[in-house]
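Structure, as structure tokens:
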Amino acid sequence: MQNLLHNLNPEQLAAVTLPSQSALILAGAGSGKTRVLTTRIAWLIQTGQVSPGGILAVTFTNKAAKEMLTRLSALLPINTRGMWIGTFHGLCNRLLRAHHRDAGLPQTFQILDSGDQLSFIKRLLKANNIDDEKFPPRTLMYFINSAKDQGLRAAQVEAHDDFNRKMVALYDLYDAQCQREGVVDFAELLLRTYELLSRNQPLREHYQARFRHILVDEFQDTNDLQYQWLKLMAGAGKQEPAAVFAVGDDDQSIYAFRGANVGNMSAFEREFQVRNLIKLEQNYRSHGHILDSANVLIANNSKRLGKNLRTDAGHGEPVRIMEASSDIQEANWIIDEAKNLIREGSLRSEIAILYRSNAQSRVIEHALFTAGIPYRVYGGQRFFERAEIKHAIAYLQLMDNPHNDSAFLRVVNFPARGIGARSMEQLQDAARQHGISLYAAVPHVGGKAGSSLANFVRLIESARFETQNLPLPEMVQVVLDLSTLLTHYQTEKEGADRIENLEQLINAATLFVSEEGFSREAPALTGPASAAALLPAADSVTVIDADAALPAVMSPLSAFLSHASLEAGDNQAQAGQDALQLMTVHSAKGLEFDAVFITGLEEGLFPHENSMQEASGVEEERRLMYVAITRARQRLYLSFSQTRMLHGQTRYNMRSRFLDELPDESLKWLSPKIQPSWFGNKKSAWDEAPAAEANRLAQGMSKAQDSHGWRIGQNVLHAKFGEGVIVNIEGSGSSARAHINFGQFGMKLLDLSIAKLDKI
DNA sequence: GGGTGTCCGGGATTG
DNA sequence: CCGGACACCC
């Protein structure tokens, strides 16, 4: 016990040892949040306040869940397999498998990832003769997902115009089709679990009695449905609700665009009668100048719960800022600085280059490639998303649930077996006519089409038959052979990588089986009969629990298939090598590095132009900047550029407002700092940057100046709109008009002979 | 069915 | 400018 709690600072200690009531922990960046969470669990168990089975710990990412498990097993000598620690989706999957009948799902229901969901919707629109110009699949998908994220079924969504009424109708059709095929999307996992627990009182009370301590990581990222889910699970408002230990940071809320609602933090305080609010403000990550920059920047936001990070580390190096003349020059500067750091002994993997949007990585990658510096780009395609893997998975899905039409369509003619569009049309007609799945409709198709289709069905049947008693990895091997996927890629020119990936899939199955405990002599639960044994009798109030171990509630194949959907796996690009780390600011959340470059700090890019209409948008961008800054331990570099190629056009942006919100005493400008206009110094960097001029000329803009005396790229000051940049000039002489980017005020078209403009 | 050409649109992302 | 979606051709 002494051991468990020593080394905690007073705030952390207070949080870990809070009484069994709901509490909100405001955990600043780098304040030891995961440590507090895991130590809290260990302390609760060690002091006998709860058994491991009474703990429910929820995270958003698999990575966070794994991290928690690892650190917990280092703290406590217990088997963590029996504990309910996982993502919202993973935990819901487990509950739905165990109680599938009550939830109205087949035991082998399958999970659509977002790609599957999109093709599912396209198919739905086509089958119902909907014009996908008027109702774009992506829009419908967003509509459905946001409704589900708010806990709403189609019948509950309010629609006030024809378009929305149609969307609601399509949402309803979508759900019905999912139900027929035995598939669920990600949001459905949560909504279905929520509905299951809402209407099934014995089940609800069983889990409420079981989970006396619920811990939630990254609470600021919860959406409305997740919050309702937690309320239900905890029995909030009841006599003896569970103690919910919510850890979050409102300043790091950067996912409003996908439904996260920071308001859940104050709702939580209110609705869970939170008496204990603890702020973790001691930062163990960043040097002083970096932390001061973050603090001063975020103070510009209005809606905050209020928090100020402090550090015992000294000031450290100042934050370095560079204005480049072009995006190419910016990239080269970054590389020079990174080389210096490496020369001084930094590991490449301890240097991160961050950007607001993926498109910005190109120029940087090009420069790194030319310089021969190894780098790794985050966020690429992941293992289970690769086409060949999805094909193999589709065969396995059909064996486990033949009514999954998505899987059927993916592989019915891949590798090619002479089942073309015409045959499929007949099959789809038959399926629609009888209201059954494609697989089930095969016997209704006659002729040549019918016999090729019947051959395909026989292929799936025999794969299932031949593998029914095989361990999972061997099952995968057999499927790869029988489906002729392997031979198909052997004859393909560039199939070598794909074959390697397919072999990796067998490894993945082997690994999965050993990690999840399927390799031991688990009771064979492949048939529906044994699963039924787990279910409560209809009139019984005894609930058989969804034990935490997977083998108790699903077959190895079903489990592996949900694993493939719920954990898409790493993107394996250049993994393992000591390489510079390139990623968006969003994907940097939760990570930390010795040195961090934040690039493209320009109005329109960061803050992004789509966010600048509303104050709340800019505040989220500012939080994003806050996240970016607080990734750095020792060194922080900020850069922006006067010109930038975007969408095939040269853009001229003003420097980001965020740069002007940072504290001067923590900064070191490596390029001359041009004061904002209201400070007096009006000299433009353009006048002192011959390189920029040369660059511009090289880009074919030879006509730098015209008779009207203005040129593209000129910084100007306008009485009403303030500081701006001339982006384009049309016409000439006295009739010339200029497109001027005024940042917050947007793009204006002004007549140069009329508008009162000063050069700055 | 796969390969090539044309058109369009382009913010971030986990499960 | 670049990638995805789709039409068209062999």
Side-chain angles (χ1 to χ4, degrees), chain A residues 58-65 86-93 111-119 122 132-133 136-138 142 145 148-149 184-191 193 217-218 221-223 225-226 253-260 327 354-363 365-366 378-382 384-385 413-422 424 488 491-494 562-571 583-590 600 604-612 617 620-621 623-625 627-628 644-651 699:
Chain A
V58 201
T59 64
F60 279 85
T61 65
N62 291 305
K63 202 174 155 200
T87 62
F88 276 105
H89 297 87
L91 297 168
C92 287
N93 180 45
I111 302 165
L112 301 177
D113 67 25
S114 40
D116 299 334
Q117 190 187 13
L118 188 63
S119 22
K122 287 180 182 166
D132 60 4
E133 305 259 296
R138 286 183 176 282
Y142 179 79
N145 289 341
K148 289 191 181 183
D149 284 344
V184 300
D185 59 51
F186 286 131
E188 182 73 21
L189 285 170
L190 272 114
L191 182 51
T193 308
D217 191 17
E218 305 278 16
D221 288 339
T222 51
N223 64 33
L225 176 57
Q226 285 157 342
S253 153
I254 56 173
Y255 285 116
F257 72 91
R258 64 175 195 213
D327 47 356
L354 311 184
Y355 34 82
R356 175 65 179 80
S357 59
N358 284 308
Q360 289 167 252
S361 78
R362 292 188 53 81
V363 179
E365 284 188 68
H366 178 77
Y378 275 66
Q381 203 187 30
R382 303 195 297 179
F384 284 108
E385 288 166 355
N413 199 32
F414 191 93
R417 44 179 75 88
I419 301 172
R422 298 180 65 94
M424 286 311 294
H488 171 82
T491 56
E492 206 177 57
K493 266 177 288 173
E494 284 157 43
S562 27
H563 168 80
S565 304
L566 293 174
E567 288 195 55
D570 293 331
N571 77 81
M583 66 193 83
T584 63
V585 180
H586 280 95
S587 36
K589 186 169 169 228
L605 259 190
F606 198 179
H608 193 274
E609 52 194 346
N610 297 358
S611 74
M612 301 197 316
E620 176 142 325
E621 295 287 302
R623 291 192 291 271
L624 197 51
M625 181 66 182
V627 167
R644 180 177 299 279
M645 270 304 247
L646 199 66
H647 305 326
Q649 275 187 321
T650 307
R651 306 224 317 192
Q699 289 173 30

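Throughout, a chain's letter reflects where its sequence line sits, starting with A, and its residues are numbered from 1.
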Short N/O separations, protein against nucleotides 3-10 of chain C, under 3.5 angstrom:
none

Quiz item: Rounded to the nearest Å, what distance is computed from the CG atom of residue A/Leu605 to the C1' atom of nucleotide B/dA12?
Solution: 13 Å
Self-check item: Smallest separation among heavy atoms of A/Ser253 and A/Glu620, with atom names
Solution: O-OE1, 3.8 Å
Quiz prompt | Residue whose closest nucleotide on DNA chain B lies nearer the 5' end, A/Phe414 versus A/His608 | solution = A/Phe414
Practice problem: Would you give the length of the straight line joining atom OG1 of A/Thr61 to atom CD of A/Glu567, rounded to the nearest 0.5 angstrom? | Solution: 10.0 Å
Quiz prompt | Which atom of A/Arg382 lies closest to which atom of A/Ala568, heavy atoms considered | solution = NH2-CB, 3.1 Å
Quiz item: Once you round it to whole Å, what is the distance between P of B/dT14 and CG of A/Leu566?
Solution: 14 Å
Quiz item: OP1 or OP2 of B/dT14 sitting under 4.0 Å from any side-chain N/O of A/Ser114?
Solution: no
Quiz item: Taking for each residue the nucleotide of DNA chain B bearing the nearest heavy atom, is the 5' side occupied by A/Ala187 or by A/Glu620?
Solution: A/Glu620
Quiz item: Do you see a donor-acceptor pair shorter than 3.5 Å between the side chains of A/Ser357 and A/Gln360?
Solution: yes
Quiz item: If you look at every strand shown and take non-hydrogen atoms under 4.0 Å, does A/Phe60 touch a base, only sugar-phosphate, or nothing?
Solution: sugar-phosphate
Quiz item: What integer distance in Å separates A/Phe186:CZ from B/dT14:C1'?
Solution: 8 Å
Exercise. Output yes when at least one side-chain N/O atom of A/Asn145 is less than 4.0 Å from OP1 or OP2 of B/dG15, else no.
Key: no
Quiz item: Which part of the nucleic acid, if any, lies within contact of A/Phe88, taking any heavy atom under 4.0 Å across all strands shown: a base, the sugar-phosphate backbone alone, or nothing?
Solution: nothing
Self-check item: Protein-nucleotide distance (A/His366, atom NE2; C/dC1, atom P), rounded to Å
Solution: 14 Å
Quiz item: Should A/Asp221 and A/Lys589 count as an ion pair when the cut-off is N to O under 4.0 Å?
Solution: yes
Practice problem: Scan A/Asp221 against the nucleic acid and name what it touches under 4.0 Å (heavy atoms): base, sugar-phosphate only, or nothing. | Solution: nothing
Practice problem: Could you please name the option among B/dA12, B/dG15, C/dC1 that lies closest to any side-chain atom of A/Arg382? | Solution: B/dG15
Exercise. Identify the two heavy atoms, one from A/Phe414 and one from A/His488, that lie closest to each other, and give their separation to 0.1 Å.
Key: CZ-NE2, 3.6 Å
Practice problem: Determine the interplanar angle of the A/His586 and A/Tyr255 rings, folded into 0 to 90°, and report it as parallel if under 30°, tilted if 30 to 60°, perpendicular if over 60°. | Solution: tilted
Quiz item: For A/Phe257, does the CZ atom sit with more than 12 other heavy atoms under 6.0 Å from it, leaving out its own atoms?
Solution: yes
Quiz item: Rounded to whole angstroms, how far apart are CZ on A/Arg623 and P on B/dT13?
Solution: 17 Å
Practice problem: Would you mind classifying the nucleic acid contact of A/Glu621 as base, sugar-phosphate or nothing, using non-hydrogen atoms under 4.0 angstrom? | Solution: base
Quiz item: Rounded to whole angstroms, how far apart are CG on A/Leu624 and P on B/dT13?
Solution: 10 Å
Self-check item: Proximal nucleotide (of B/dG2, B/dG10, B/dT13) relative to the A/His647 side chain
Solution: B/dG10
Quiz item: B/dT13, B/dG15, C/dC1: which one has an atom nearest the side-chain heavy atoms of A/Arg258?
Solution: B/dT13
Exercise. Ignoring backbone atoms, establish whether A/Asn62 has a side-chain N or O less than 4.0 Å from OP1 or OP2 of B/dT14.
Key: no
Practice problem: Among B/dT14, B/dT13, B/dG2, find the nucleotide with the atom closest to the side chain of A/Thr61. | Solution: B/dT14
Practice problem: From the options B/dT13, B/dG15, B/dG1, select the nucleotide whose nearest atom is closest to the side chain of A/Asn413. | Solution: B/dG1
Quiz prompt | Below 4.0 Å: OP1/OP2 of B/dG1 and any side-chain N or O of A/Arg417 | solution = no
